[in-house]
2 protein chains.
Amino acid sequence: MTERRLQILDAAATLISERGFTSTSVDDVIKGAKLSGKSHFYHYFKSKEELGYEVLNRQFERFADRGLAILREPMIDPLDRLSLFIDAVVALQAESGGRGGSPFGNLAAELADAHEGFRIRIEAVFERWASQIRSLLWEARPQLQEDVDAVRLSRFIIAALEGAVLMTRVKRDLSVLEGIALDLKRFIAMHVRDGVTTVRPRRVE
Amino acid sequence: MTERRLQILDAAATLISERGFTSTSVDDVIKGAKLSGKSHFYHYFKSKEELGYEVLNRQFERFADRGLAILREPMIDPLDRLSLFIDAVVALQAESGGRGGSPFGNLAAELADAHEGFRIRIEAVFERWASQIRSLLWEARPQLQEDVDAVRLSRFIIAALEGAVLMTRVKRDLSVLEGIALDLKRFIAMHVRDGVTTVRPRRVE
DNA sequence: TGCCAGTAGGACCGAACGGTCCTAATTTAT
DNA sequence: ATAAATTAGGACCGTTCGGTCCTACTGGCA
């Protein structure tokens, strides 16, 4: 029933993350999903716009399964989970072979100013993401310094990761992302209470 | 002579930073620059692609004038310059009213995977930018810890700023960028040698 | 049996796209 | 004065775009 729909969604997701939403034509999606023609496509989606919305949601759910799920693992120390989550983002990017970075970041850069419908939905995605990190930070509160601003820190983490993925794509070099991930972990460690040094890397030598 | 050219370049820069390169048509640029017709435009630029390249260069030069120039001020302490530079990025974004963020980041996200010609040019822009920060970091070497990796740190700074601009556009809230700028400064301060506390903010209360 | 969602495929639409070509008026430098 | 560059403006081209419409064949299910 919805099998073919998912097929279309997947094909569209790949194309959009590689070439952007505007540069991905409905005909491309049809070719990618091996449909017979336009009417076949419009049997499942009422417009290209709606397709875009659903792709965005699906990408987020996928990301939530693979990445955000780690943030909720109840058996692992929250700060370790944060570290694992950052690793997961790196792994996710590694899988795509450097190409086609964060589907949210791409759509955000492309459509945030031009298309209010997308902007709002992307904002919601970021917000859901940020709230996951915020609640993790809240959970890790006993280990953190009192003056840690969870809202600001969560935004910083997301911004750093999004920027890192972008730079990695431009330079076609995964080590860029790896380096930034490392620095990001050090920055987070900076907020840990003195004495509660769970990971706390300082001065390597 | 080249006056009209600059007019076109400016109009195109505005449009591209607002709607992206693909979604900006030559006709839009003509309208924006108040040209008489297509032939008038193609009198100055041989293709839309070439226009894009020149816009990219011009945007970088502008950014270099306003932002990167600060990094080279010889009379100011290097780490203070870095801080001022971050302030300049915030100010630049504030001027555009939250809309149309980093012209490099936008083009990068839109075209890095799709268009090799742009990818290479954007990579060069980032590289020039990174090298400015690297040489500043080199200059500040006596104040920094011995194990500071200038390459990695410069990349981190750029990634954080690019990601911050992106998030700010999505949320239409400049305070996002301001918060991240603050955290970024704290991260940089983390690399300062103990005892040489120029700015070093730790534990506010 | 009849119904209906899914599959298949093609014709077609108006609009927008990047780009070319051509003519002619106006300005500028020599 | 004259040649060259710039400005002006329109016609046109082939292609692609998102989207509609129409026909017809398939399968399963009541």
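Here is how names work: the chains are called A, B, and so on, in the same order as the sequence lines, proteins then strands, and each is numbered from 1. The basis for the numbers below is simple: all heavy atoms, side chains too, and nothing from hydrogens, waters or symmetry mates.
- Screening residues 133-144 of chain B for salt bridge (charged side-chain N to carboxylate O under 4.0 Å, His left out), with sequence neighbours left out, gives B:Arg81-B:Glu139, B:Glu127-B:Arg134.
- In the set D:dA8, D:dG18, C:dT7, the nucleotide with an atom closest to the side chain of B:Arg4 is D:dA8.
- Here A:Thr22 lies out of heavy-atom contact (under 4.0 Å) with every strand.
- Here the OG-CG distance, from A:Ser23 to A:Asp28, works out to 9.5 Å after rounding to the nearest 0.5 Å.
- For A:Lys48 and D:dT16, the NZ to P distance is 15 Å, given to the nearest whole Å.
- With A:Phe45 as the aromatic partner, A:Arg5 meets the cation-pi criteria of under 6.0 angstrom to the ring centre and within 45 degrees of the ring axis.
- Here the P atom of nucleotide C:dA8 and the CD atom of A:Gln7 are 9 Å apart, to the nearest Å.
- The nearest whole Å value for the distance from the CD1 atom in B:Ile16 to the P atom in C:dG18 is 11 Å.
- In this structure B:Phe187 satisfies the ring-ring contact (aromatic ring centres under 6.0 Å, His included) test together with A:Phe187, B:Phe156, B:His191, sequence neighbours excluded.
- Spacing between atom NE2 of B:His40 and atom C1' of D:dT6 amounts to 6 Å, rounded to whole angstrom units.
- Rounded to whole Å, the distance from CZ on A:Phe41 to P on C:dA5 is 20 Å.
- Picking from D:dG9, C:dA8, C:dG19 the nucleotide with the shortest atom distance to the side chain of A:Ser36 gives C:dA8.
- Here C:dG19 presents its P atom at 14 Å from CG of B:Asp28, a figure rounded to the nearest Å.
- Applying the side-chain hydrogen bond (donor to acceptor under 3.5 Å, both in side chains) definition to pairs two or more places apart or across chains, those involving residues 148-164 of chain B are A:Asp183-B:Arg152, B:Ser102-B:Glu162.
- Listed nucleotides: D:dG18, D:dT6, C:dG18. Nearest to the side chain of B:His43: D:dT6.
- OP1 or OP2 of D:dC17 lies within a sub-4.0 Å distance of a side-chain N or O belonging to A:Ser25.
- Under the side-chain hydrogen bond (donor to acceptor under 3.5 Å, both in side chains) criterion, B:Ser39 pairs with no residue at all, not counting sequence neighbours.
- Among pairs with a residue in residues 61-81 of chain B, those fulfilling ring pair (Phe, Tyr, Trp, His ring centres under 6.0 Å) read B:Phe63-B:Phe104, B:Phe63-B:Trp129, at least two apart in sequence or across chains.
- If you take CZ of A:Arg5 and C1' of C:dG6, they are 14 Å apart, rounded to a whole angstrom.
- Residues that satisfy the ring-ring contact (aromatic ring centres under 6.0 Å, His included) test with B:Phe118, not counting sequence neighbours, are B:Phe21, B:Tyr53, B:His115.
- Direction of the helix axis in the helix from C:dT1-D:dA30 to C:dT30-D:dA1 shifts by 10° between the two five-pair termini, rounded to 10°.
- B:Val90 is linked by a side chain to side chain contact (heavy atoms under 4.5 Å, CB included) to B:Leu177, B:Glu178, B:Ala181, counting only residues two or more places apart in sequence or in another chain.
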Determine, for nucleotides 20-30 of chain C in 5'-to-3' order, which nucleotides have protein heavy atoms under 4.0 Å from the base (write B), from only the sugar-phosphate (write S), or from neither (write -). BBB--------
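- Whole-Å rounding puts the B:Leu51 CG to C:dC17 C1' distance at 15 Å.
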